[in-house]
Amino acid sequence: MFSFLNPNMRQRIELAANADSSMCWNCSSCDAECPVEIATDRLRPQRIVRFATLGLFEELITSPEIWYCLTCRRCNRVCPNLVKPETLIRYARSAAVRCGVVSYEAARAYYDLFRRFQRVRWHAVHHCLHDDDEPISDAPWYSWLDTPIPDAMDSISSQRLFNSNDLFRQAAKGADLSRCFTCGECSSACPVAGERSVFDPRFIFRMANLGLAEELLMSPSIWLCVQCGRCTEVCPQLVDGCGMIASLRELAVRDGRLDEDFALRVQNAQKQVYMRLLDEIDELFELKASFRNQAACPLTLAECA
Ligand code: SF4
Ligand code: SF4
Ligand code: SF4
């Protein structure tokens with residue numbers, strides 16, 4: 001149940017978060033675009049914005065949903081009123097740590113968990129690549145979390161270079177990939193690239209420029225991209241990295257390397273691994289309990305916001 005509706009608090013949150021939350025008209029476009037909501041039905045960016053517009057600071061910073069977010073900014077991009085739910089979520093996380101709702105240690109453990117979770121996603125795609133339709137139980141989930149990814153370059157010899165066909169070269173040309181000077185801006189902006197051996201857009205684009213078609217089209221990594229477009233937005237050379245990765249997926253199916261249901265199987269596998277991640281996050285933070293226990297905090301809620 002909501003603790004209070006507070007117009008002053010609403011203003012304070014708006015000023016501090018700079019997310020234009022008061023512009024929200026509850027269209028739910030952000031919910032429909034959110035990859036975590038699509039996979040799990042457990043993260044609604046619109047609800048987080050609603051907490052802010054009602055001045056519900058406590059509900060905002062104790063919501064487990066703020067920690068479910070990948071910070072991919074697809075919600076920001078799709079909002080017709082230029083509300084920035086992801087910006088609000090980042091503000092809510094830092095307020096949660098500042099107010100003692102979440103300890104620094106728990107926040108650090110969370111970021112480590114999130115980084116290693118990309119390994120789980122990689123192994124889940126690998127599982128699909130080997131035609132394994134078995135549901136993913138807890139045991140492999142935990143084992144994958146601690147299993148680093150084999151180094152992609154280990155198996156590549158110089159004879160493999162420039163081995164791409166016309167369709168591959170056209171896709172690279174369409175994304176202006178030859179302009180890439182490997183600055184790494186895309187990798188820094190990518191929400192998935194926490195562990196570069198698992199997923200690194202610059203590495204993928206470099207492999208594509210070197211014509212390593214077979215290695216790329218059969219790589220689980222190309223299925224980890226959440227198509228958020230941040231690499232394309234930040235590239236100083238105007239390379240369309242997001243479009244290139246979408247083309248690689250299409251080519252893998254079009255060339256017959258993967259069957260037509262592969263994308264669906266990956267989607268189902270990702271749903272299973274995301275659900276487990278959200279349960280882990282809940283266990284890690286025990287959010288509501290820790291908020292009730294922060295009697296030692298010397299600040300009032302208004303000061304905290
Ligand atoms: S930033 Fe991405 S994961 Fe987070 S709420 Fe927005 S769309 Fe969902
Ligand atoms: S930001 Fe652009 S130029 Fe820099 S590495 Fe990525 S694709 Fe290449
Ligand atoms: S679109 Fe680009 S920034 Fe977004 S997840 Fe894919 S590679 Fe990363």
Side-chain angles (χ1 to χ4, degrees), residues 17 19 21 24 28-52 60 63-79 82-93 114 117-118 121-122 125 172 174-196 198-210 216 219-249 266 270 274 277-278 281:
S21 43
C24 174
S28 290
S29 300
C30 50
D31 291 351
E33 187 70 8
C34 173
V36 181
E37 171 66 3
I38 293 167
T40 65
D41 271 337
R42 286 171 64 184
L43 165 57
R44 292 191 54 210
Q46 187 209 337
R47 181 162 48 213
I48 296 169
V49 172
R50 198 82 187 126
F51 287 150
L60 178 65
S63 166
E65 287 172 84
I66 62 175
W67 299 99
Y68 297 164
C69 167
L70 311 175
T71 66
C72 71
R73 300 192 193 171
R74 276 173 59 162
C75 48
N76 291 11
R77 279 175 63 201
V78 79
C79 176
L82 308 181
V83 178
K84 300 184 275 297
E86 185 267 353
T87 310
L88 177 64
I89 287 169
R90 278 189 290 116
Y91 158 78
R93 285 182 181 181
F114 190 78
F117 172 64
Q118 302 311 321
R121 295 185 64 223
W122 188 97
V125 179
D176 287 321
L177 211 62
S178 60
R179 290 181 183 163
C180 172
F181 57 13
T182 63
C183 66
E185 286 292 319
C186 48
S187 304
S188 303
C190 175
V192 180
E195 188 166 295
R196 297 291 162 87
V198 181
F199 185 76
D200 181 351
R202 172 173 54 175
F203 187 70
I204 290 176
F205 305 150
R206 189 76 188 130
M207 284 177 78
N209 264 332
L210 290 173
L216 266 180
S219 164
S221 294
I222 63 172
W223 298 90
L224 301 190
C225 166
V226 294
Q227 291 286 289
C228 66
R230 285 181 67 182
C231 50
T232 301
E233 273 166 26
V234 299
C235 178
Q237 295 291 94
L238 307 180
V239 172
D240 179 11
C242 181
M244 183 64 207
I245 293 179
S247 301
L248 289 172
R249 292 177 182 180
V266 168
Q270 295 296 328
Y274 267 112
L277 173 74
L278 303 199
I281 293 172

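Remember, it's 1-based here, ligands and their atoms both numbered in the order they're listed.
- Judged purely by atom type and a 3.5 angstrom limit, Arg202 has no side-chain atom pairing as donor or acceptor with the backbone of Cys186.
- Atoms of ligand 3 found under 4.0 Å from any heavy atom of Phe199, numbered from 1 in the order shown, are 7 (S), 8 (Fe).
- Within the 4.5 Å cutoff, no side-chain heavy atoms of Glu195 are placed close to those of Gln118.
- Here the closest heavy-atom approach between residue Cys24 and residue Val49 is recorded as CB-CG1, 3.6 Å.
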Does the salt bridge (Lys or Arg N to Asp or Glu O under 4.0 Å) test come out yes or no for Arg73 and Glu233, once each step is laid out?
-> CA-CA 11 Å; Arg73 300 192 193 171; Glu233 273 166 26; 5.6 Å; no

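- With respect to atom 4 (Fe) of ligand 2, the closest heavy atom belonging to the protein is Cys183 SG, 2.3 Å.
- The Cys235 neighbourhood of ligand 2 comprises atoms 1 (S), 2 (Fe), 3 (S), 7 (S), with distances under 4.0 Å to a heavy atom of that residue.
- In this structure, the protein non-hydrogen atom closest to atom 8 (Fe) of ligand 2 is Cys180 SG, 2.4 Å.
- Inside a sphere of radius 2.8 Å centred on atom 2 (Fe) of ligand 3, the protein N/O/S atoms present are Cys231 SG.
- Listed by atom number, the atoms of ligand 2 under 4.0 Å from Glu185 heavy atoms are 1 (S).
- For ligand 2, the atoms closer than 4.0 angstrom to any heavy atom of Pro236 are 1 (S).
- Each of the atoms 7 (S) of ligand 2 lies under 4.0 Å from some heavy atom of Phe205.
- Looking only at side-chain heavy atoms (C-beta outward), Phe51 and Leu88 stay at 4.5 Å or farther from each other.
- At distances below 3.5 Å, at least one donor-acceptor pair connects side-chain atoms of Glu65 with backbone N or O atoms of Arg44.
- Less than 6.0 angstrom separates the ring centroid of Tyr274 from the ring centroid of Phe117.
- A heavy-atom distance below 4.5 Å is not found between the side chains of Ser63 and Arg47.
- No donor-acceptor pair closer than 3.5 Å links the side chain of Glu33 to the backbone N or O of Arg74.
- Atom numbering of ligand 2 starts at 1 in the shown order; those under 4.0 Å from a heavy atom of Thr182 are 5 (S), 8 (Fe).
- Looking at heavy atoms from C-beta onward, Leu238 lies in side-chain contact with Arg179 at the 4.5 angstrom threshold.
- Remark: Arg196 CZ is packed, more than 12 non-hydrogen atoms of other residues, nucleotides or ligands lying under 6.0 Å away.
- In this structure a side-chain-to-backbone donor-acceptor pair under 3.5 Å is present from Glu37 to Leu43.
- Around atom 6 (Fe) of ligand 1, protein atoms of type N, O or S found under 2.8 Å number 1.
- Contact check for Val192 versus Leu70: no side-chain heavy atoms found under the 4.5 Å cut-off.
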